[in-house]
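Convention: sequence-line order gives letters A, B, ...; per-chain numbering from 1.
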There are 2 protein chains.
Amino acid sequence: MQRDIPEVVIKRLPIYYRSLQQMAQMGKDVVSSQELAKSAGVTATQVRRDLSYFGEFGKQGKGYSVELLLSELRRILNLDRDWDVVLVGAGSLGRAVTRYPRLEQHGFRIRHVYDHNPNRINTRLNGLVVEDVSLMPEQISREGIRIAIIAVPPSSAQEVADELVRSGIKAILNYAPATIQVPDDVRVYDIDPVAAMQSLTYYLEPYESRRKRKLSSASDRIDITS
Amino acid sequence: MQRDIPEVVIKRLPIYYRSLQQMAQMGKDVVSSQELAKSAGVTATQVRRDLSYFGEFGKQGKGYSVELLLSELRRILNLDRDWDVVLVGAGSLGRAVTRYPRLEQHGFRIRHVYDHNPNRINTRLNGLVVEDVSLMPEQISREGIRIAIIAVPPSSAQEVADELVRSGIKAILNYAPATIQVPDDVRVYDIDPVAAMQSLTYYLEPYESRRKRKLSSASDRIDITS
DNA sequence: TCATGTGAAATCCTTCACAGCC
DNA sequence: GGCTGTGAAGGATTTCACATGA
């Protein structure tokens, strides 16, 4: 598999995948780059270019087979298997993660939940027993688990990441509001709602007065384009 | 305020802000672009370039005053005020959002939680009463709220977004696993853990056998650089 | 001497525009 | 006629390298 595909492209593939799944569910057989682009919020050229990194999946004059494209994306993204995951941190954030059903639905199986707080260890949590984080390296290693979710306070995020990397973890979904440093062969994806909000407020007028805007009626509704 | 600053830059500013807050807490007075870069996981040149879009905040030969930079970033990102937010969707995802304390800690105040399910309306949820979504437009408009969090199923995400936009919302944090279309003057930031996971699995070997790796000892630990 | 701020260069990514094929 | 796949162009972002000032 070639390994110089832009990371931005890789981040868009799951979005295409999501759109296609929805289309398949609605019984759509064939989709044009135009339609897929609209559904994914990008341009048609971008869809075609992104897919062309991996092969020629379309039919000229016709478009792409929804089923074929789904199966190609599954293959490319390694989604035609389930993945074991460990979760570190059984605080409120970690608990929310265990209760988020979409991960399981998409084949990401949380195999262990770890914490170091004795009050949390051995408590049950959505069908999982919280284990002592000291058991973590051995279990990850023995079970060959390569994906971890970090949901600990920022002050311990780095040491947890270090331990995960030593144990063989290669992919980390990081909910801790901290940047973690990992070797080149480990990937980290950060999720920080506060940081997201703070980017959004940049674009807002700082002190627009209340009541300045009125409830718009159907007639002056802006046409959606973006 | 100039308005042609790359969006990537805006997304990095909250990360710098987060790093600086941590440094301030540790009593650090002055920071170099080098140090800030390390803490934020970017390059020193990038830090300097990013900041230079907004002014000259550093002292040559010295670095940046942590306090000054924090206050400049607060000003740039409009964080020297609190922001009212509405949350749409009181399902498990919406409930998790209300229980996530960091938003409040950073000045994002959830003022209303809406749902359309009668079983949820009027239930209490972390100090908030779930209201009927039909009250939403009028309340958003009257209270001048400009930020919304969408936590509804993907099938209703677009109609909720349309209604939010009509009511005057200008910034949306979208937890629904769906792309939503909004006018140019509205910003959307998507959070989709499943999509994030699916990008991560791209980089994993699909079928590395179990037990292939061993628990590494301290001596063969890879040096962290990334 | 040390670290910022920034032109210029390099790299990365997106879009244009169209040949080629169904 | 319609739509893909892709060279080439264009635009955006990052990095280099260094003048400048503390």
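Contact check of residues 55-71 of chain A against DNA chain D (heavy atom, cut-off under 4.0 Å) returns E56(A), F57(A), G58(A), K59(A), Q60(A), G61(A), K62(A), G63(A), Y64(A).
A donor atom on one side chain and an acceptor atom on the other are found under 3.5 Å apart for R48(B) and S33(B).
Note on R48(B): every side-chain N or O is 4.0 Å or more away from OP1 and OP2 of dG7(C). Considering only side-chain N and O atoms, S32(B) lies nowhere under 4.0 angstrom from the phosphate OP1 or OP2 of dA3(C).
Here D185(B) pairs with K170(B) in a salt bridge; the nearest charged N to carboxylate O distance falls below 4.0 Å.
In this structure, the side chains of L20(A) and Y17(A) stay at 4.5 Å or more apart for every pair of heavy atoms.
Note on S33(A): only backbone sugar-phosphate atoms sit closer than 4.0 angstrom, heavy atoms only; bases stay farther off.
Q25(B) CD: 12 or fewer foreign heavy atoms inside a 6.0 Å radius.
Between Q34(A) atom CD and dG1(D) atom C1' the separation is 15 Å, expressed in whole Å. In this entry the distance linking CD of E7(B) with C1' of dT14(D) reads 17 Å, nearest Å. For the pair E72(B) CD and dG5(C) P, the computed distance is 11 Å after rounding to whole Å. Rounded to a whole Å, the CZ atom of F54(B) is 18 Å from the P atom of dT4(C). Distance, R49(A) CZ to dC12(C) P: 15 Å, rounded to whole Å. Atom CD of E35(A) is separated from atom P of dG2(D) by 14 Å (rounded to the nearest Å).
Between the S39(A) side chain and the E35(A) main chain, no donor and acceptor come within less than 3.5 Å of each other. A donor-acceptor pair is defined here as one N or O able to donate and one able to accept, closer than 3.5 Å; such a pair exists between the side chain of E104(B) and the backbone of I110(B).
Between dT15(D), dT14(D), dC13(C), one nucleotide has an atom nearer to the side chain of V8(A) than all others, and that is dC13(C). Candidate nucleotides dT15(C), dC3(D), dT13(D) were compared by shortest atom distance to the side chain of Q46(A), and dT15(C) ranks first.
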